[in-house]
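This report concerns only the one structure given below.
Only a predicted model underlies this, so the values are computations on that prediction, with no experimental measurement involved.
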Amino acid sequence: MIYLDNAATSYPKPRAVLDKMYYAMSQIGASVGRSAYKSAVVAANEVYDTRERAASLFGISKAENIIFTQNATCALNILIKGACSFGDHVVCSDREHNSVLRPLQALSDGSVISYSIAAVDPYNDEKTVASFLSALRKNTRMVICTHVSNVTGLILPIKKLGLMCRERGIAFAVDASQSAGLLDINMTRDNIDYLCCPGHKGLYGPQGTGILAIGDDAPAPKPLTFGGTGTNSSQLIQPDFLPEALESGTLNVSGIIALGAGIDFVQKNMAKNREKEKILRKRIIRALAESERVKLFESDANAASIVAFTLKDEDIGVTASRLAERDICIRSGLHCAPLAHKAIGSDGCNRISLGAFNTRGQVDAAVKAILDRR
């Protein structure tokens with residue numbers, strides 16, 4: 001199999017992640033914060049170690065501000081629904097995933113908040129920032145922005161947007177679903193108050209893991225779910241301290257422990273992986289651009305490890321199915337980001353998304369298969 005769908009979930013995983021998952025499932029087995037016997041203490045220590053790794057990766061000092069979630073969508077819902085209040089206004093970009101757009105729309109439909117969409121200029125960061133600036137209102141509570149488009153890989157200017165927000169006292173949130181583990185992110189340096197990401201993509205952890213990282217000085221969102229935390233059990237109100245305030249119920253202990261190994265992998269290899277994926281992306285684009293049959297989207301913009309394309313003489317679903325018959329895995333469609341497709345003038349496209357374990361031989365074989373006629 002040639003796996004080129006890493007923007008959906010990374011595969012394969014580093015061996016250390018598999019080993020940690022097996023270790024947690026076979027040797028620990030206990031829950032966190034529920035008991036004091038040996039394996040429960042080991043579980044708590046291992047989970048806390050992953051918190052510390054994530055805090056270090058994202059440039060915050062408080063490990064308790066790392067909240068473990070089911071995925072990035074869950075993290076974004078906790079943030080958007082928990083940090084926004086009645087009458088607030090939110091600004092997002094026109095490259096957002098539905099995990100941002102749908103919670104905003106739901107709150108808007110309920111007349112809780114209003115929101116505006118800022119247009120992104122893929123070739124001029126200053127124009128992008130100006131677009132966000134023009135969308136701000138007196139009641140703007142938060143700006144939320146994807147770091148990397150999951151459709152084209154376009155990298156948005158989060159440092160400039162973070163500074164814009166900090167200067168105006170507006171909370172800044174980043175959806176790092178396609179950038180965490182691939183691009184350098186420091187929440188303190190970049191003026192990011194909240195960061196949401198999955199554990200199973202660029203952090204190379206297992207599915208069923210995600211993170212909401214809260215900046216050292218940012219207020220915690222209100223809880224989205226309430227329940228058992230193992231603390232203050234005599235009270236019927238949710239604890240008001242982190243991480244328990246936002247982590248009701250049994251944690252995915254084995255997944256979180258394995259995620260710690262994934263974070264360790266990217267901390268040691270981030271620069272090398274990023275450079276390798278840049279080279280492979282350029283190789284794919286160069287080869288596809290030679291064919292008049294291919295339409296590329298934002299291929300010459302500042303982008304991460306994604307190539308978006310269509311064949312002018314073939315439906316995108318046919319292309320993806322034809323490659324699947326050769327055991328080459330790509331994704332076709334709207335990628336849960338309809339506004340991003342509208343922005344690039346697409347009704348849907350094919351997406352190649354690279355990972356740390358892809359090779360030159362794999363991408364060459366994929367390009368050959370794409371360009372082959374039946």
Side-chain angles (χ1 to χ4, degrees), residues 1-23 50 53-54 56-59 71-72 146-155 174-186 195-211 213 255-288 299 302-308 323 327-331 335 350-367:
M1 181 174 67
I2 297 176
Y3 187 81
L4 297 169
D5 195 21
N6 289 277
T9 194
S10 57
Y11 180 84
K13 306 296 184 183
R15 181 69 210 187
V17 172
L18 307 183
D19 290 343
K20 271 290 190 178
M21 189 81 171
Y22 181 76
Y23 157 72
T50 301
R53 290 180 187 275
S56 172
L57 179 67
F58 296 133
N71 45 47
T146 187
H147 190 181
V148 169
S149 166
N150 73 307
V151 176
T152 67
L154 178 70
I155 301 172
V174 171
D175 176 3
S177 292
Q178 301 300 332
S179 61
L182 179 65
L183 302 181
D184 176 41
I185 302 172
N186 185 300
L195 183 140
C196 302
C197 70
H200 65 96
K201 297 186 183 183
L203 297 181
Y204 290 89
Q207 293 164 325
T209 58
I211 291 172
I256 292 167
I257 292 173
L259 174 59
I263 294 173
D264 182 56
F265 168 77
V266 299
Q267 283 183 309
K268 292 176 180 176
N269 298 283
M270 187 183 297
K272 180 180 70 174
N273 291 344
R274 169 66 174 142
E275 185 60 27
K276 174 185 175 182
E277 290 172 35
K278 283 174 65 175
I279 292 170
L280 292 179
R281 179 178 184 271
K282 288 180 180 178
R283 187 177 183 87
I284 295 169
I285 290 170
R286 191 183 310 117
L288 291 179
S299 60
N302 180 28
S305 308
I306 291 173
V307 178
L323 294 181
D327 222 4
I328 299 172
C329 308
I330 67 169
R331 183 175 172 186
H335 312 94
N350 291 300
R351 183 186 71 187
I352 294 171
S353 48
L354 299 161
F357 299 104
N358 288 128
T359 66
R360 187 165 63 178
Q362 287 179 336
V363 301
D364 288 350
V367 168

*Residue of the set T50, N71, L203 for which side chain to side chain contact (heavy atoms under 4.5 Å, CB included) holds with I211*: L203

*To the nearest 0.5 Å, how far apart are OG in S305 and CD in Q178?*
9.5 Å

*Roughly how far apart are L154 CG and I306 CD1, rounded to 0.5 Å?*
10.0 Å

_Please find the pair of heavy atoms, one from I285 and one from S299, that lie closest to each other, and give the distance._
CD1-O, 3.6 Å

*Closest heavy-atom contact between A176 and P198?*
O-CD, 4.5 Å

*Do the side chain of K276 and the main chain of A356 share a donor and acceptor less than 3.5 angstrom apart?*
yes

*Identify the heavy atoms of A304 and L182 that sit nearest to each other, and give their distance.*
CB-CD2, 3.8 Å

_List the residues meeting side-chain contact (heavy atoms from CB on, under 4.5 Å) with K282, not counting sequence neighbours, and say none if there are none._
R286

*Above 12 or not: heavy atoms from other molecules or residues under 6.0 Å from OH of Y11?*
no

*Atom pair CG (N6) and CD (E277), whose distance is rounded to the nearest 0.5 Å*: 7.5 Å

*asked:* Less than 4.5 Å apart, side chain to side chain, heavy atoms only: is that true for I155 and H147?
replied: yes

*Are the side chain of T9 and the backbone N or O of H200 linked by a donor-acceptor pair below 3.5 Å?*
yes

_So if I apply the side chain to side chain contact (heavy atoms under 4.5 Å, CB included) rule between R351 and each of L4, T152, N150, which one comes out positive?_
N150

*Do the side chains of M1 and C329 get nearer than 4.5 Å, heavy atoms only?*
yes

*Determine the minimum heavy-atom distance between Y3 and S10, stating which atoms define it.*
CE2-C, 4.4 Å

*Look at the aromatic rings of F265 and Y204 and report parallel, tilted or perpendicular, splitting at 30° and 60°.*
perpendicular

*Nearest 0.5 Å please: distance from the CG atom of N358 over to the CG atom of L280.*
6.5 Å

_Quick check for you: to the nearest 0.5 Å, what is the distance between I256 atom CD1 and M21 atom CE?_
10.5 Å

*Would you mind reporting whether D264 and R53 have side-chain heavy atoms less than 4.5 Å apart?*
yes

*Which value, rounded to the nearest 0.5 Å, describes the distance between C197 atom SG and I185 atom CD1?*
7.5 Å

*R283: what forms a salt bridge (charged side-chain N to carboxylate O under 4.0 Å, His left out) with it, not counting sequence neighbours?*
D364

*Work out which heavy atom in K13 is nearest to a heavy atom in G205; give both atom names and the distance.*
NZ-O, 2.8 Å

_Restricting to non-hydrogen atoms, name the atom on A54 and the atom on I263 that form the minimum distance, rounded to 0.1 Å._
CB-CD1, 3.9 Å

